[in-house]
Amino acid sequence: MGKVAFIFPGQGSQAVGMGRSIHEADAAARAVYESADAALGESLSGLCFEGPADDLKLTANTQPAILTTSVALLRALDVQPDVVAGHSLGEYSAQVAAGTLAFEDAVRLVRVRGQYMQQAVPVGEGAMAAVLGGDAQAIEKACADAEGVVEPVNYNSPGQIVIAGSASALEAATPALKATGGKVRSLPVSAPFHSSLMRPAEEKLTPHLHQTTFHTPRVPVYINVEAASVQSADASREALIRQVSRPVRWQQSIQRMIADGVELFVELGHGRVLAGLLKRIDRAARCVNVQGPDDLASAREAIAAVRD
């Protein structure tokens, strides 16, 4: 009997209209949006369904919107995973799925997380870029040799590493990065997420996480910073603190889950970003997406088949 992993996307998967269909179709999902609105004291649901897009893409709004949509889909699916993981912000969704965090606590945490991450580096001073192709060690060396802060921050898949840092350092490092054989593509983001420039955000977020109740996860949670599973409340909390200013080791997390017996990945959230990365990591890996009510039956069938 194979294991089933639920995986949750992070920032960048948002779009106006996200979650509307599951909100209309499922009472459990509707309750999640209502809880988010109550926890934040505003209509996050309206922002998800109606926009405007410029407001939705603000980091402090994007993060709770993505979390809420993922958890709404999770509640509608109503199946227990064997293990969970989330890409960056998605680790909060994973911890909710594991029972480590109450959803209302998680949505309040990611609201302040987004605010602190945006405040850490003034707009325009930080930058991120994807390096497509090229050798990971050569990319790491090109970043280390550059003047100023520029670092690998997302190990997404073979041939896709995201770098972040100060805009000037990233620009200065670009010729060396291209010399590794990779193509460098600027990303439309407002801050250098997961770089050491996020330390001020990590320091501000830490008290909030320590003031929040964490429970022992019901299932293993594969964390970004170590690409390994944690099974305690304290380790889960520390992982969320450390991931703010450290790389997301997504490729390594997926490889570890496969090695540990995962045979099916279920992506819960808007878009298919993680499914695309999964195919680059392991072409044999199986993934189903849950984005709305039309996906629920087929996902349940796929899960049942793996567990038979």
With Ser21 via side chain to side chain contact (heavy atoms under 4.5 Å, CB included) - residues at least two apart: Pro293
Only counting residues at least two apart or in another chain, list the ones meeting salt bridge (Lys or Arg N to Asp or Glu O under 4.0 Å) with Asp234. Arg237
Would you check if the side chain of Asp37 reaches a backbone N or O of Leu44 as a donor-acceptor pair within less than 3.5 Å? yes
Does atom CD (Glu171) have a neighbourhood of more than 12 heavy atoms from anything else shown, all under 6.0 Å? no
Do Phe8 and Leu101 belong to the same hydrophobic cluster, where Ile, Leu, Val, Met, Phe, Trp and Tyr are linked whenever their side-chain heavy atoms lie under 4.5 Å apart, directly or via other members? no
Going from CG on Leu205 to NE2 on His210, what distance comes out if it is rounded to the nearest 0.5 angstrom? 9.5 Å
Do Ser88 and Phe193 have side chains that approach each other closer than 4.5 Å (heavy atoms only, starting at C-beta)? no
Determine the minimum heavy-atom distance between Ala169 and Ala146, stating which atoms define it. O-CB, 4.4 Å
Is there a side-chain contact between Glu91 and Val248 in this structure, where contact means two heavy atoms from C-beta onward sitting under 4.5 Å apart? no
Heavy-atom closest pair (Pro175 atom, Ala172 atom, distance to 0.1 Å) is CD-O, 3.4 Å
Can you hop from Val306 to Val290 via hydrophobic side chains spaced under 4.5 Å? yes
What's the shortest heavy-atom distance between Ser253 and Tyr222, and which atoms? O-CD2, 4.4 Å
With Glu24 via salt bridge (Lys or Arg N to Asp or Glu O under 4.0 Å) - residues at least two apart: none
Result for salt bridge (charged side-chain N to carboxylate O under 4.0 Å, His left out) between Arg242 and one of Glu202, Glu226, Glu203 points to Glu226
Which salt bridge (Lys or Arg N to Asp or Glu O under 4.0 Å) pairs, counting each pair once, include a residue from residues 174-189, with sequence neighbours left out? none
With side-chain contact (heavy atoms from CB on, under 4.5 Å) as the test, would you mind laying out the steps for Trp250 and Val162 before giving the verdict? CA-CA 11 Å; Trp250 188 250; Val162 174; over 6 Å; no
Taking side-chain hydrogen bond (donor to acceptor under 3.5 Å, both in side chains) as the test, write out the residues that go with Gln11, two or more places apart. Thr59, Gln63
Salt bridge (Lys or Arg N to Asp or Glu O under 4.0 Å) contacts touching residues 121-145 (sequence neighbours left out): Lys141-Asp145
Flag, side chain of Ser157 to backbone of Gln251, donor-acceptor distance under 3.5 Å: no
State, with a plain yes or no, whether a side-chain heavy atom of Ser166 is found less than 4.5 Å away from one of Pro192. no
Asp294 side, atom CG; Ile22 side, atom CD1 - distance, nearest 0.5 Å: 9.0 Å
Plane angle bin for Tyr33 and His23 - parallel if under 30°, tilted between 30 and 60°, otherwise perpendicular: perpendicular
Is the closest side-chain heavy-atom distance between Pro64 and Leu40 below 4.5 Å? yes
Yes or no on side-chain contact (heavy atoms from CB on, under 4.5 Å) for Leu89 and Arg113, after CA distance, side-chain angles and deciding distance? CA-CA 9 Å; Leu89 164 73; Arg113 179 181 185 267; 3.9 Å; yes
Just grab all the salt bridge (Lys or Arg N to Asp or Glu O under 4.0 Å) pairs involving residues 66-85, residues at least two apart or on different chains. Asp82-Arg307
Kindly say whether Ala285 contributes a backbone atom to a donor-acceptor pair with the side chain of Lys279 at under 3.5 angstrom? yes
Tell me who clusters with Ile139, hydrophobic residues only, linked when side chains sit under 4.5 Å apart either directly or through other members. Val131, Val150, Tyr155, Ile161, Ile163, Leu170, Leu177, Val184
Can you sort out the partners of His194 under ring pair (Phe, Tyr, Trp, His ring centres under 6.0 Å), two or more places apart, ordered by chain and number? none
Heavy-atom nearest pair, Ala120 first then Pro200, reads CB-CB, 4.5 Å
Report the distance from atom OG of Ser232 to atom CD of Glu238, rounding to the nearest 0.5 Å. 9.5 Å
Which residue pairs pass the salt bridge (Lys or Arg N to Asp or Glu O under 4.0 Å) test with at least one member in residues 247-274, sequence neighbours excluded? Arg256-Asp260
Side chain of Asn224, backbone of Gly86: donor and acceptor closer than 3.5 Å? yes
List in chain and number order the residues that pass side-chain hydrogen bond (donor to acceptor under 3.5 Å, both in side chains) with Ser196, two or more places apart in sequence or in another chain; answer none if no residue qualifies. Glu151
Between Ser236 and Val230, what is the shortest heavy-atom contact and its length? OG-CG2, 3.7 Å
Which pair of non-hydrogen atoms, one from Leu77 and one from Ala299, has the smallest distance, and what is that distance? CD1-CB, 4.0 Å
Distance (rounded to the nearest 0.5 Å) between Phe214 CZ and Asp105 CG: 8.5 Å
Heavy-atom distance under 4.5 Å between the side chains of Val79 and Val4, does that happen here? no
Phe103 reachable from Leu73 in the ILVMFWY side-chain graph, under 4.5 Å edges: no
Tell me every residue that passes side-chain hydrogen bond (donor to acceptor under 3.5 Å, both in side chains) with Arg218, counting only those two or more places apart in sequence or in another chain. none
Interatomic distance, CD@Glu50 vs CG@Leu56, rounded to 0.5 Å, equals 12.0 Å
Is the backbone N or O of Ala28 less than 3.5 Å from a side-chain atom of Asp26, with the two atoms forming a donor-acceptor pair by type? yes
Given side chains that start at C-beta, do those of Met18 and Ile66 come closer than 4.5 Å, heavy atoms only? yes
Is there a side-chain contact between Lys3 and Leu264 (heavy atoms, below 4.5 Å)? no
Please determine whether residues Val273 and Val153 belong to a single hydrophobic cluster, defined as Ile, Leu, Val, Met, Phe, Trp and Tyr linked transitively by side-chain heavy-atom distances below 4.5 Å. no
Any side-chain heavy atom of Ile254 sitting closer than 4.5 Å to one from Phe265? yes
For Gly269, does its backbone N or O pair with a side-chain atom of Thr69 as donor and acceptor, under 3.5 Å? no
Is there a continuous path of hydrophobic side-chain contacts, each under 4.5 Å between heavy atoms, that joins Leu74 to Val266? yes
Reported CG-to-CZ distance for the pair Asp295 and Arg300, which is rounded to 0.5 angstrom: 11.0 Å
Output yes when a side-chain donor or acceptor of Gln95 lies under 3.5 Å from a complementary backbone atom of Ser93, and no otherwise. no
Gln231 vs Val221, test: side-chain contact (heavy atoms from CB on, under 4.5 Å). Steps then yes/no. CA-CA 7 Å; Gln231 299 185 54; Val221 182; over 6 Å; no
